[in-house]
Amino acid sequence: MDFTIIRSNLAYLLWGTWPDGPIGGAALTLILSVGSALVSGVLGLGLGVALAMSSQRLRIVLTAVLGFFRAIPVLMLIFWTYFLLPLAFGIDVPGVLSVMFSLSLIGGAYLSHSVYAGIRGIAKGQWEAGLSVGLTRGAVLRHVVLPQALRMMLPSFINQWVSLIKDTSLAYIVGVGELSFLAAQVNSRTMVYPAEVFLFVGMIYFTICCGLDLLARQTLRRHEGRAR
Amino acid sequence: MNPQSIFGDLLQTQYQIWLLKGFLVTLEVTVLVIPAASFLGFLTAIARNSRWRALAWGTASLVSLLRNSPLLVQLFFWYFGASAVLPDGVRDWLNDTHVAVLFGVPIEWPSYEFVCGVFGLVLYSAAYVSEEIRAGMRGVPKSQRYAAQALGLRPVQVFRYVILPQAFRISLPTLMGQYMNIVKNSSLTMAIGVMEISYASRQVESVTFKTFQAFGMATLFYIMIIAVIEVLAQFLQRHFPVAGARR
Amino acid sequence: MKLRSLALLGLLLVSGLAHADRLDDIKKAGVLRVAAFDGNPPFGYIDEQSKKIVGLDVDYAEAFAKKLGVKLELVPTNPANRIPLLTSNKVDLVFANFTITEERAKVVDFSIPYIASGQQFLARKGFLKSPDQIGGLKVGADKGTTMESTLREKYPSAKVISYDDTPFALAALRNGNVQAITQDGTKLVALLANLPDKSKYEVSPFAISEELEGVGIPKGETRLVSYINDWLREAEKDGTAQKIYDKYFGPKSKSPLPRLFKIGESHIREK
């Protein structure tokens, strides 16, 4: 194995041509991840609460819509948003945004179910206690149920975000210059070191994902410590 | 812009056949990967609970590596990277066409792309499956194990008759979720030339320029497979309820 | 469903009317958005030092942007994304070794060709001698190229594996996953020149089709088409075209190749 190819392209793989050109590489992967993690978190929370609080009929409709996003591959959704939204509605969605959009929708659809399950997992007694001291349903949700439910849901949020980071690699298909795309470019130019290039890129993703995982576990441990 | 090219006529039969063929390849991949990943995931889950530190630690780090890097990068690595390292003989054999005759029916050895795609997908999915199975095993209350031991069952028997059936029931819903992920993840094998449904839709799109129909059909096919697994999951969960769970 | 498609159609028509003339739009915006290859030397590839997209197609795009007096903005593309990029209005033009075909001309417009070549093959030295062999081979191609469909039509028994981009196909050839890859002769010659072990491979002595490559333009932009055609003819007359060609295929370049096609002609000249 010959890793000089990595050394000579290190800066390019890490942040693209920035600051002379657009930011790319691992830095863009991080931007894509953080952006879609935030949006998917908000979407998941909102939709999860909607699922828990809505009427039976609305819940069925919502579940069906969310089911669609859970059923199609990320790759397909990226194609749809990138090529078909502009064709159908005349809206031009730039590559970075369409990838973020797809990842957020899919992540949000998954998270909403965890949030829903988390809210339902809180014992009925808690609701009744909250309502009996005169709180509104919203207030019980906000001050009693959600704080407990969110702690329970943290692991599934982390899992979803880890897969989100990995899924940013699919941006390569629409030419967004994130890490995998630049790796394919470097591989194209040099052509003889595919194993080295993809091994290195895999390790960068691994570091990012594991970093998030470790961070989350520490936060969780600290929380649990306080709760005891 | 020509609206006809977006919504207009349906795809010609020829292209529908391409899509159908792609759909069949997606099914093949799914049908091969699910049992293989389940079996490997099961072995991995056991290895991680092993008393041999080295084995438990080794499998744990492998699982972590597989789970924390993108499938796309892994597929590229297996297809472009690893095959450059394979001995020439093995590689040539894999690349050649081989036909085996089984009960008078000629069965063609699949293309190297297909083998590579299935291999990469099995490894990736097995890592996830093993986590689900482990979670299931952890979900079985400790008291069950003690009770079984008190009854005089050997460790293997405890595992086989007490832990495993319950772990299976507990992990069933999430396991089904992983199987759905396998279907969806199979779309990534198009990047290494496996002619599955996403590949076919891209191909039809690039020949007919009917983006809407091509992607639409592929999306429908995916939803169909997922729906079938969903129905199966509901059925299995009804037949194998978690003990003590209220119905 | 029907109602929704109707609504979409309405939207489409409106947006179609709004974009009456792209040439004016480009000038007004001051930016020309061009799709170019980023992994296909020498047409479009990432320069080792500057890490920017450069190449023959890029030189043409730059010359055209200069002529318009606007800034050039490059969007990297692979072969299969070229038409969707144009039809979804993500770019104004495609300069990416874009072969003119009747089928494609139904959805996008083309300029007159500015470069031409034949569809050839790259294989291990001495392996490929005649076109008759192709039917029994496993051949690597690029998704969404004319090569792929020509091969399928002329040699239905050949096993065609398509990749997202030429370098992937080349990697597959080097790994022995396919026995040959097919591309424009010009592209293959340049690819071969970049290979570290180029003595092991060769470009097939025969071609199975003639490829004329032009600029991809959104459908219906007649003013833009004739403007580009005039500019291309002018580029041939004032020597710009020859200069760009020589930079990549001239006698002093890495992959010398005689220029058998000049802008304004309709066929490649016999050698």
Side-chain angles (χ1 to χ4, degrees), chain B residues 1-8 14-15 18 72 75-97 108 110-117 188 190-195 198-216, chain C residues 1-2 4-6 8-13 15-19 78-84 86-89 101 103-108 136 138 140-146 148-149 152-153 159-165 167-172 174-179 218-221:
Chain B
M1 164 83 38
N2 178 8
Q4 196 72 34
S5 67
I6 305 172
F7 305 110
Q14 174 198 358
Y15 301 120
W18 286 15
L72 184 73
L75 288 173
F76 278 159
F77 178 77
W78 296 124
Y79 187 67
F80 293 116
S83 66
V85 192
L86 276 181
D88 284 352
V90 177
R91 203 170 61 204
D92 290 345
W93 192 88
L94 282 170
N95 278 313
D96 277 346
T97 45
E108 202 175 313
S111 69
Y112 182 68
E113 288 71 29
F114 186 88
V115 175
C116 231
L188 302 199
M190 76 173 242
I192 58 167
V194 178
M195 300 176 182
S198 303
Y199 179 101
S201 69
R202 203 77 224 274
Q203 207 156 32
V204 169
E205 183 256 350
S206 70
V207 182
T208 62
F209 313 114
K210 285 178 184 150
T211 319
F212 197 80
Q213 288 94 324
F215 291 159
Chain C
M1 189 64 216
K2 210 166 196 180
R4 225 186 72 201
S5 346
L6 269 177
L8 290 179
L9 225 131
L11 260 168
L12 255 166
L13 291 177
S15 58
L17 287 175
H19 286 278
N78 61 30
N81 285 355
R82 288 175 298 190
I83 291 189
L86 265 186
T87 52
S88 62
N89 188 24
T101 68
E103 283 293 310
R104 283 176 179 166
K106 285 180 194 157
V107 276
V108 299
K138 210 170 150 190
D142 294 0
K143 251 173 237 163
T145 58
T146 49
E148 196 193 357
S149 34
R152 220 171 7 232
E153 267 159 41
K159 244 192 162 147
V160 185
I161 311 270
S162 295
Y163 301 89
D164 285 315
D165 218 338
F168 286 121
L170 187 70
R174 297 171 54 82
N175 284 347
N177 300 332
V178 292
Q179 290 149 308
K219 191 82 195 155
E221 298 289 340

Taking all non-hydrogen atoms of both residues into account, name the closest pair between Pro84(C) and Arg202(B) and its distance. CG-NH2, 4.4 Å
To check you understand the geometry: which heavy-atom pair defines the closest contact between Ala172(C) and Phe80(B), and what is its length?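 Scanning both residues, the minimum pair turns out to be N-CE2, 4.1 Å.
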Which atoms of Met190(B) are under 4.5 Å from chain C, going by heavy atoms: the side chain, the backbone, both sets, or neither? both
Evaluate the side-chain proximity of [Y] to [X]: yes if any heavy-atom separation is below 4.5 Å, no if none is.
X	Y	result
Val207(B)	Arg152(C)	yes
Phe168(C)	Phe76(B)	yes
Ile83(C)	Phe209(B)	yes
Thr208(B)	Glu103(C)	no

Is the side chain of Tyr199(B) donor-acceptor paired with the backbone N or O of Ser162(C) at a distance under 3.5 Å, no angle test? yes
OG-CG distance between Ser111(B) and Asn177(C), expressed to the nearest 0.5 angstrom: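 Ser111(B) atom OG to Asn177(C) atom CG measures 9.5 Å (nearest 0.5 Å).
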From CD (Glu205(B)) to CG (Asn81(C)), nearest 0.5 Å: 8.0 Å
Chain B contact via Gln179(C) - side chain, backbone, both or neither, heavy atoms under 4.5 Å: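 For Gln179(C), neither part sits under 4.5 Å from chain B.
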Interface moiety of Arg104(C) toward chain B, non-hydrogen atoms closer than 4.5 Å: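 Both backbone and side chain.
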Is the closest basic N to carboxylate O distance between Glu113(B) and Lys138(C) below 4.0 Å? yes
